Amino acid sequence: MKLTTLSPGVIRLDGVLNMDSAADTLPLLQQAVADGAGTLDLSGVSQCDSAALALLLALRRHAGSNTLQLENVPQTLYGLANLYELSTLLGLTQKA
């Protein structure tokens with residue numbers, strides 16, 4: 001996974017977010033949130049699995065009371081979140 005700062009407070013993830021990459025990506029994202037990132041742009045995520053959900057849940061927990069917005073969430077991730085009934089918890093809404 002590659003993290004790119006798009007603008008102050010906005011980080012984009014690029015690459016595959018799965019069991020193989022989630023463990024290494026989580027500390028990078030936690031540091032980004034600690035440094036003030038409040039928006040995570042997932043437009044560059046090319047593939048994901050349920051490990052992506054676990055990563056996002058851990059990141060929400062790490063963010064605490066700080067708001068963490070998810071943008072450009074891939075349809076696959078929406079489907080997984082709905083399957084596991086995590087959409088509301090992650091703050092995801094269905095694309096129009």
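Residue numbers count from 1 along this sequence. All values reported here derive from a predicted model rather than from experimental measurement.
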Heavy-atom closest pair, residues [X] and [Y]:
X: Tyr78; Y: Val73; value: CE1-O, 3.2 Å
X: Leu26; Y: Leu59; value: CD1-N, 4.2 Å
X: Leu17; Y: Ala22; value: CD1-CA, 4.3 Å
X: Ala32; Y: Ile11; value: CB-CG1, 4.1 Å

**Report entry** Residue list, side-chain contact (heavy atoms from CB on, under 4.5 Å) with Gln69, at least two apart or on another chain
**Finding:** Thr39, Thr67
Requested in this report: Run through the side-chain heavy atoms of Ile, Leu, Val, Met, Phe, Trp and Tyr, join any pair under 4.5 Å, and report what else lands in Leu6's cluster.
Outcome: Val10
Kindly compute the distance separating [atom1] ([X]) from [atom2] ([Y]), expressed to the nearest 0.5 Å.
X: Leu70; Y: Leu13; atom1: CG; atom2: CG; answer: 10.0 Å
X: Leu55; Y: Gln30; atom1: CG; atom2: CD; answer: 8.0 Å
X: Ser50; Y: Leu77; atom1: OG; atom2: CG; answer: 10.5 Å

Query - Pairs involving residues 3-12, ordered by first then second residue, that meet salt bridge (charged side-chain N to carboxylate O under 4.0 Å, His left out) (sequence neighbours left out) - result: Arg12-Asp14
Report task. Kindly state each residue pair satisfying salt bridge (charged side-chain N to carboxylate O under 4.0 Å, His left out) with at least one member in residues 34-53, sequence neighbours excluded. Result -> none
Report task. Could you walk me through whether Leu28 and Met1 pass the side chain to side chain contact (heavy atoms under 4.5 Å, CB included) test, one step at a time? Result -> CA-CA 10 Å; Leu28 300 174; Met1 288 302 305; over 6 Å; no
Query raised in the report: What residues, two or more places apart in sequence or in another chain, satisfy side chain to side chain donor-acceptor pair (under 3.5 Å) together with Thr4?
Result: none
Query raised in the report: Are Val45 and Leu83 joined in one hydrophobic group, where the rule is that I, L, V, M, F, W and Y side chains link up if heavy atoms are under 4.5 Å apart?
Result: yes
With a cut-off of 3.5 Å and sequence neighbours excluded, list every side-chain donor-acceptor pair involving residues 85-92.
unit_1, atom_1, unit_2, atom_2, d
Ser87, OG, Asn82, OD1, 2.4

Requested in this report: Look only at the side chain of Ser43 and the backbone of Asn72, and say whether a donor-acceptor pair between them is shorter than 3.5 Å.
Outcome: no
